[in-house]
Number of protein chains: 2
Amino acid sequence: MRTSYLNIKTEVMNRIRQNIWPPGAIVPGEVALAQEFGCARATVNRAMRELEQDGVLERKRKAGTRVKHAPSQKAHFAIPLTREEIVAGGNAYRYVLVDKAVVPVPVWLRAKMEIEKGAQCLHLKCMHFADGRPYQFEDRWINLAAVPKAAEADFEKVGPNEWLVRQVPYTEGKVDVSAGAASNDVSELLDVDVGSPVFVVERTTWLDGHGVTFARLHFPPTYKMTTRF
Amino acid sequence: MRTSYLNIKTEVMNRIRQNIWPPGAIVPGEVALAQEFGCARATVNRAMRELEQDGVLERKRKAGTRVKHAPSQKAHFAIPLTREEIVAGGNAYRYVLVDKAVVPVPVWLRAKMEIEKGAQCLHLKCMHFADGRPYQFEDRWINLAAVPKAAEADFEKVGPNEWLVRQVPYTEGKVDVSAGAASNDVSELLDVDVGSPVFVVERTTWLDGHGVTFARLHFPPTYKMTTRF
DNA sequence: TAGTGGTCTAGACCACCCC
DNA sequence: GGGTGGTCTAGACCACTAA
């Protein structure tokens, strides 16, 4: 085809990189570009809309389209299932359930997930291994009021994350990433020294505003979360 | 307007959540949906295309559109300028250049950024403070062959990241996030114990395949990278 | 090879919002 | 008020690929 929206995207990017359209400059309107490229406005529109999503352009009705001063950089991290992540890395995956208990929801968790008082929850401790080496320690809490079926699952074969994603898909959530010090438990399970650095990912998940699950994932300091942008 | 692509998106999401279209199920084709919703196929197409981007659907020519078994969860973290990040948090920002030197590119950096042998680079050490407390220690390397102008900048007032983003926008890069142990230098600058956990963000940046800059950002363990999905 | 999504067009109406 | 992007339409051709 003569003019694809992709061609327009790359052409626009070229002009920006070559400083023909410097940061802050206003870009010709859609009608003008459509005429220049000899295509329909809808085609230009799609190209420009995607460039806006990519963080390169700023668009406002009436004001027109401008080149962003500082392109908003976004790192886009995928959050795969641990099993898939390990297998994708070419390693053998092994999962072990370390501990399982039904307990009243602790106060800190109630605050974090906005759970009603007196609810019961399932507390799981799991290990994930890659080629026999400790890969991740998963400290997981599941709100049984939100997911009653979890009480019947045994979690011996399938990890809670994988189970949950099948039972309660399409949830909303929050992710916190940080560095922490290995506690006694964690250091033993991950086979690192007490107090040494541990990479921590915390995930809180809601469904329709109800707290579903909270997980704290601990990785040895060899672990890196990587992405390109 | 009667049928917006947004209405279609929410309606489709509802059907998925209510298990009318369970995971793995094939969804009616675009023509069928267009007829059902009483709109043009292009409208349905946009809705479905965006839902695919959102990780909810899988689309293949001829095979049709299916609901994903496990929705691919993506967290996308914004990477703001440190100054803006601190100011946005309601804190006073202060920047200090700790050290600056022109040196031959070290071997490990040449390997990482694919820089030609014998090139010179600028090595900067900077501190960022939030309300007087150490917020980030920035260990930055700039390839002078790629950014000659950097040799003239003094980096006393403006940090290298902010300077670079203005001089060399629209680059490609890689981000690695991990946990590390504080070295002697870092522990002193961040005011933490030697060997204690430090949150580390490493960013490598290329322009047209040429290594531009590498930065290792160290945060005290109180720091958390947060996002919602 | 037939059916599905991928894309483009030419035209239209509208909502928003800077000037 | 008027110009800009936001969206929708009805129709068309094409590319890919599963059956």
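A note on names: the letters A, B, ... follow the listed sequences, proteins ahead of strands, and every chain is numbered from 1. Quick caveat: nothing in here was measured; it's all calculated off a predicted structure.
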Over how many whole Å does the gap from [X] atom [atom1] to [N] atom [atom2] extend?
X      : N      : atom1 : atom2 : value
R46(A) : dG5(C) : CZ    : C1'   : 11 Å
K9(B)  : dC8(D) : NZ    : P     : 12 Å
Q35(B) : dT4(C) : CD    : P     : 13 Å
N7(A)  : dT7(C) : CG    : P     : 12 Å
I8(B)  : dG5(C) : CD1   : P     : 13 Å
N45(B) : dT9(D) : CG    : C1'   : 13 Å
L33(B) : dT4(C) : CG    : C1'   : 13 Å

Under a 4.0 Å N-O cut-off, is there an ion pair linking [X] with [Y]?
X       : Y       : result
R110(A) : E114(A) : no
E11(B)  : R15(B)  : yes
R203(A) : E138(A) : no

Problem - Heavy-atom donor-acceptor pair, D139(A) side chain to K125(A) backbone, under 3.5 Å - result: no

Problem - Check: V56(A) main-chain N/O paired with D54(A) side-chain donor or acceptor under 3.5 Å - result: no

Practice task
Evaluate the ring planes of F199(B) and Y223(B), with Trp represented by its six-membered ring, and classify them as parallel (under 30°), tilted (30 to 60°) or perpendicular (over 60°).
Solution key: tilted

Exercise for the section: Please state whether the rings of Y95(B) and H128(B) are parallel, tilted or perpendicular, taking 30° and 60° as the class boundaries. Expected result: tilted

Problem - N/O (side chain, Y5(A)) to phosphate O (OP1/OP2, dT7(C)) under 4.0 Å - result: yes

Problem - Under 4.0 angstrom between S4(A) side-chain N/O and dC8(C) OP1 or OP2 - result: yes

Handout entry: Distance-only polar pair, side chains of N45(B) and R49(B), donor-acceptor under 3.5 Å
Key = yes

Fill in the blank from the handout: Per nearest nucleotide of DNA chain C, the residue lying toward the 5' end, T65(B) or L6(A), is T65(B)

Problem - Which residues share a salt bridge (charged side-chain N to carboxylate O under 4.0 Å, His left out) with E85(A), sequence neighbours left out - result: none

Practice task
Please list residues of residues 47-63 of chain B whose heavy atoms come under 4.0 Å from any atom in DNA chain D, ordered by number; otherwise none.
Solution key: K60(B), R61(B), K62(B), A63(B)

Give each protein N/O atom lying under 3.5 Å from an N/O atom of nucleotides 10-13 of chain D, with the pair distance.
| unit_1 | atom_1 | unit_2 | atom_2 | d |
| --- | --- | --- | --- | --- |
| dA12(D) | N6 | R41(B) | NH2 | 3.1 |

